[in-house]
Amino acid sequence: MRAEEAREVARAWLNEEWLPWATAQGRAEGFQGAFVMGSLAALDDDVEFESILSDIDLSIVGDTAVLPVDPRYPHGAFSLFRGCLVQSVFLPVDVLGDREKLLSMLGLGDNLRNARILADPAGVLEAARQVVAEEWAGPPWLRMRTERAIGFAEEVVARLPAASSAVE
């Protein structure tokens, strides 16, 4: 399947599965947009996308006052749709409007930089993408993201059990 076709699967999943679900729940008005992210976002339309080897990463942007994060799936949910695995993650819209959060989060800006926007009714995704385009590589933000990454790594290493041999 070509990347363009895989992105169409994402759009169809959004319009045929997720939005009808949100509407049935009475929460569709909290929907602020959606974008394809991850490896699929950066691929040119005619490049082959190995849907058997990779999932389609999709971010759903919403107003948490109307459309709260489902506590059963805090890190996203997987769906099988048209022979593809779709991983949907929820992104609170307020993160996109908070410059510091937007530029200091490790993966968000990079995903927005390459994002293939599927829906953006109020223009919040495009506005956030513009902030990222202008400021993502700036030294203060690069320093902050690097410090966060080092902190996360140190935290993980600290939780590892002590090894009694070089192999362990």
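In what follows, every heavy atom counts, from backbone to side chain, and hydrogens, waters and symmetry copies are set aside.
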Chemist: Just so I know, are the side chains of F90 and S59 near enough to count as touching, which here means a heavy-atom distance under 4.5 Å?
Modeler: no
Chemist: Taking everything shown except E100 itself, do over 12 heavy atoms lie less than 6.0 Å from its CD?
Modeler: no
Chemist: For residues L112 and L125, determine if any side-chain heavy atom of one lies less than 4.5 Å from a side-chain heavy atom of the other.
Modeler: yes
Chemist: For the pair E16 (side chain) and W13 (backbone), establish whether a donor and an acceptor sit closer than 3.5 Å, ignoring hydrogens and angles.
Modeler: no
Chemist: Hey, are E155 and R159 close enough for a salt bridge, meaning a charged N less than 4.0 Å from a carboxylate O?
Modeler: yes
Chemist: Check for a donor-acceptor pair, side chain of D55 on one end and backbone N or O of C84 on the other, with a separation under 3.5 Å.
Modeler: no
Chemist: How many angstroms lie between CZ in R2 and CZ in R7, if you round to the nearest 0.5 Å?
Modeler: 10.0 Å
Chemist: Between D120 (side chain) and G33 (backbone), is there a donor-acceptor pair under 3.5 Å?
Modeler: no
Chemist: With distance as the sole test, does R113 use its side chain to make a donor-acceptor pair with the main-chain N or O of A133 at under 3.5 Å?
Modeler: no
Chemist: According to a hydrophobic-cluster definition based on side-chain heavy atoms being under 4.5 Å apart (Ile, Leu, Val, Met, Phe, Trp, Tyr only), do M144 and V131 belong together?
Modeler: yes
Chemist: Within this structure, what is the CG-CH2 distance for the pair L118 and W18, rounded to the nearest 0.5 Å?
Modeler: 12.5 Å
Chemist: Under the 3.5 angstrom rule, does the side chain of Q87 hit a backbone N or O of L58 as a donor-acceptor pair?
Modeler: no
Chemist: If you look at every heavy atom in P20 and L14, which pair is closest and at what distance?
Modeler: CD-O, 4.1 Å
Chemist: I'd like to know whether E4 forms a salt bridge (Lys or Arg N to Asp or Glu O under 4.0 Å) with R116, so could you lay out the CA-CA distance, the side-chain angles of the two residues, the decisive distance to 0.1 Å, and finally the verdict.
Modeler: CA-CA 10 Å; E4 178 181 42; R116 300 293 180 123; over 6 Å; no
Chemist: Below 4.5 Å, heavy atoms only, C-beta onward: do V36 and D57 meet side chain to side chain?
Modeler: no
Chemist: Please answer: with hydrophobic residues joined when any side-chain heavy atoms are less than 4.5 Å apart, are V124 and F31 in the same cluster?
Modeler: no
Chemist: Give me the atom names and distance for the closest heavy-atom approach of A122 to Q32.
Modeler: CB-OE1, 4.4 Å
Chemist: CD of E29 to OG1 of T23: how many Å apart, nearest 0.5 Å?
Modeler: 8.5 Å
Chemist: Any side-chain heavy atom of F152 within less than 4.5 Å of one from R148?
Modeler: yes
Chemist: Quick check against the 3.5 Å criterion: does D98 have a side-chain atom that pairs as donor or acceptor with the backbone of K101?
Modeler: yes
Chemist: Would you confirm whether R145, through its side chain, and M105, through its main-chain N or O, come within 3.5 Å as a donor-acceptor pair?
Modeler: no
Chemist: Mind checking whether V95 and L108 have side chains closer than 4.5 Å, heavy atoms only?
Modeler: yes
Chemist: Strictly by modelled atom types, are E126 and Q130 linked by a side-chain donor-acceptor pair under 3.5 Å?
Modeler: no
Chemist: How many angstroms lie between CG in L103 and CH2 in W136, if you round to the nearest 0.5 Å?
Modeler: 7.0 Å
Chemist: Between I56 and L85, is there a side-chain heavy-atom distance shorter than 4.5 Å?
Modeler: no
Chemist: Decide side chain to side chain contact (heavy atoms under 4.5 Å, CB included) for E50 and M1; before the verdict, give the C-alpha distance in whole Å, the side-chain angles of both, and the deciding distance to 0.1 Å.
Modeler: CA-CA 7 Å; E50 297 292 336; M1 150 181 317; over 6 Å; no
Chemist: Do V9 and M37 sit in one hydrophobic cluster, given that two such residues count as connected whenever their side-chain heavy atoms are within less than 4.5 Å of each other, even indirectly?
Modeler: no
Chemist: Is there a side-chain contact between F35 and V61, using heavy atoms and a 4.5 Å cut-off?
Modeler: yes
Chemist: What are the two closest heavy atoms between V132 and G109, and how far apart are they?
Modeler: CG1-O, 3.3 Å
Chemist: Kindly give the heavy-atom pair with the smallest separation between R82 and A12, and that separation in Å.
Modeler: NH1-CB, 3.4 Å
Chemist: First locate atom CD of E147, then atom OG of S104, and finally report the distance between them rounded to the nearest 0.5 Å.
Modeler: 11.0 Å
Chemist: Is there a donor-acceptor contact under 3.5 Å from the side chain of T146 to the main chain of L142?
Modeler: yes
Chemist: Between F49 and L43, is a side chain to side chain contact (heavy atoms under 4.5 Å, CB included) present by the stated rule, with each step listed?
Modeler: CA-CA 8 Å; F49 177 72; L43 295 178; 3.9 Å; yes
Chemist: Write down the atom of A115, the atom of A41, and the distance for their closest heavy-atom approach.
Modeler: CA-CB, 4.3 Å
Chemist: Are any of the side-chain heavy atoms of E17 and V86 separated by less than 4.5 Å?
Modeler: no
Chemist: Please name the pair of heavy atoms, one in G62 and one in L67, separated by the smallest distance, quoted to 0.1 Å.
Modeler: CA-CD2, 4.3 Å
Chemist: Hydrophobic clustering (ILVMFWY, side-chain heavy atoms < 4.5 Å, transitive) - are L40 and V47 grouped together?
Modeler: yes
Chemist: Verify, without hydrogens or angle tests, whether D63 (side chain) and A65 (backbone) share a donor-acceptor contact under 3.5 angstrom.
Modeler: yes
